[in-house]
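Computation of the quantities below employed the complete heavy-atom set of this structure, encompassing side-chain atoms and omitting hydrogens, waters and symmetry-equivalent molecules. As the structure is a computational prediction, the values presented were derived from the model and not from experiment. By convention in this document, chain letters (A, B, ...) are assigned in the order of the sequence lines, proteins followed by strands, and residues within each chain are numbered from 1.
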2 protein chains.
Amino acid sequence: MSIDHRSHTPLYMQLADLLRDRIESDELPSGAPLPSEARLSQEYGLGRVAVRKAISVLRSEGLVTSSRGQPTRVRPRPKQRLVEILPGSTISARTPNSNERRQMDTAEGVPILEVRSPDGTVQTFPADEVALSCL
Amino acid sequence: MSIDHRSHTPLYMQLADLLRDRIESDELPSGAPLPSEARLSQEYGLGRVAVRKAISVLRSEGLVTSSRGQPTRVRPRPKQRLVEILPGSTISARTPNSNERRQMDTAEGVPILEVRSPDGTVQTFPADEVALSCL
DNA sequence: GATAATTTGTACGTATGTATA
DNA sequence: TTATACATACGTACAAATTAT
């Protein structure tokens, strides 16, 4: 379970895979801090660029959140609430751009669910908080 | 419409905003090549790191695709086909991780739509190709 | 077919800024 | 205040894939 510097798989991807495993196996549970970038650098013998790129992969997958001054943490996943939608509705999903993300205050890696009701109205929901139930 | 080096907004974000505007206004239409990283560097007086980060933002939003040896291009958006789902189905959306993306052969920035039918079966669709219609 | 030029990808190092504890 | 941690941004070098010559 370590980094192979001679592998064809990029170093950052190997590290991302390692960390993802530790998150999905709950060895790094919800809310837990990841080791700092400096620590990961030393631990695995990588430069900081590779470490940051690995973490950015996890961030874009919605698995972790980073903010200045604090350690990167495993992103707590809110319980999804069920939203009921009417027959005849159309549902689509997309990735919000940075401005939309700011407005909706959602984390990186969280898609947007869009529901177009039969009457033409459109509703949007962050996909980590909402699941849709077709009546 | 240029880069302000004294702004509080990061340079890469300013460039991402500029390029996003040019894509969404169709000045850079579907399939069109973006200027090369070297060209953007010169054009806007930025280092390559800032340029690459800007493009990575657009890639994660599903707006462009990059591959080695070829210019980064505006990602052609396939026409969505409508998939009908049964009443009682539950719909959710999520960002696939890198391995899932490889398996489903979807681009970065394309969420996955997941449908759990009343009989318990689960179907997954790339959200750029499929929209769901609730019967 | 072989070479060269172009373009993106990976990875290193360094420096400075900013938010948090 | 100090130390820690992440964010931004510069530079360099080489690898790998594609395209043009």
Q: What is the distance, to the nearest angstrom, from the CD1 atom on B:I3 to the P atom on D:dC10?
A: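 Distance check: B:I3 CD1 to D:dC10 P gives 10 Å.
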Q: Write down the protein N/O and nucleotide N/O pairs, taken from nucleotides 9-13 of chain C, whose separation is under 3.5 Å; answer none if there are no such pairs.
A:
from: C:dG9; atom 1: OP2; to: B:R52; atom 2: NH1; distance (Å): 2.9
from: C:dG9; atom 1: OP2; to: B:R52; atom 2: NH2; distance (Å): 3.2
from: C:dG9; atom 1: O4'; to: B:R68; atom 2: NE; distance (Å): 3.1
from: C:dG9; atom 1: N7; to: B:R48; atom 2: NH2; distance (Å): 2.9
from: C:dG9; atom 1: O6; to: B:R48; atom 2: NH1; distance (Å): 3.1
from: C:dT10; atom 1: OP1; to: A:Y12; atom 2: OH; distance (Å): 2.8
from: C:dT10; atom 1: OP2; to: A:Y12; atom 2: OH; distance (Å): 3.2
from: C:dT10; atom 1: OP2; to: A:K53; atom 2: NZ; distance (Å): 3.2
from: C:dA11; atom 1: OP1; to: A:L11; atom 2: N; distance (Å): 2.6
from: C:dA11; atom 1: OP2; to: A:L11; atom 2: N; distance (Å): 3.1
from: C:dA11; atom 1: OP2; to: A:Y12; atom 2: N; distance (Å): 3.3
from: C:dC12; atom 1: OP1; to: A:G47; atom 2: N; distance (Å): 3.0
from: C:dC12; atom 1: OP2; to: A:G47; atom 2: N; distance (Å): 3.0

Q: Using the rule that two of Ile, Leu, Val, Met, Phe, Trp, Tyr join whenever any of their side-chain heavy atoms come within less than 4.5 Å, decide whether A:L63 and A:L28 are in one cluster.
A: yes
Q: Across all strands shown, which nucleotide pairs with C:dA4 by Watson-Crick or G-U wobble geometry, both distances under 3.5 Å?
A: D:dT19
Q: Give me the residues of residues 96-110 of chain A where at least one heavy atom lies under 4.0 Å from an atom of DNA chain C, by number, or none.
A: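 Those residues: none at all.
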Q: Nearest whole angstrom, please: distance from the P of C:dT18 to the CD of A:Q70.
A: 18 Å
Q: Should we count CZ of B:R73 as having more than 12 external heavy atoms under 6.0 Å?
A: yes
Q: In whole angstrom, give the distance that lies between atom CD1 of B:I55 and atom C1' of C:dT7.
A: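 Answer to the nearest Å: 11 Å.
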Q: Judged by modelled atom types alone, do B:R59 and B:S66 share a side-chain donor-acceptor pair under 3.5 Å?
A: yes
Q: Find the distance B:Q42:CD to C:dT6:C1' and express it as a whole number of Å.
A: 13 Å
Q: In this structure, how many angstroms lie between the C1' atom of C:dT8 and the CG atom of B:L58, rounded?
A: 15 Å
Q: In whole angstrom, what separates B:R73's CZ from D:dT19's C1'?
A: 11 Å
Q: Is A:E61 salt-bridged to A:R20, going by a charged N under 4.0 Å from an acidic O?
A: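 Yes, A:E61 and A:R20 are salt-bridged.
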Q: Using a 4.5 Å cut-off between side-chain heavy atoms of Ile, Leu, Val, Met, Phe, Trp and Tyr, which other residues end up in the same hydrophobic cluster as B:I112?
A: B:M104
Q: Quick check: is A:V49 connected to B:V49 through a chain of hydrophobic side chains (ILVMFWY, heavy atoms under 4.5 Å apart)?
A: no
Q: Assess whether atom CZ of A:R116 is packed by more than 12 heavy atoms of other residues, nucleotides or ligands within 6.0 Å.
A: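 Not more than 12 within 6.0 Å, no.
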Q: May I ask you to decide whether A:R75 forms a salt bridge with A:D128, counting only side-chain N to carboxylate O separations under 4.0 Å?
A: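 Looking at A:D128 together with A:R75, the answer is yes, because their closest N to O distance falls below 4.0 Å.
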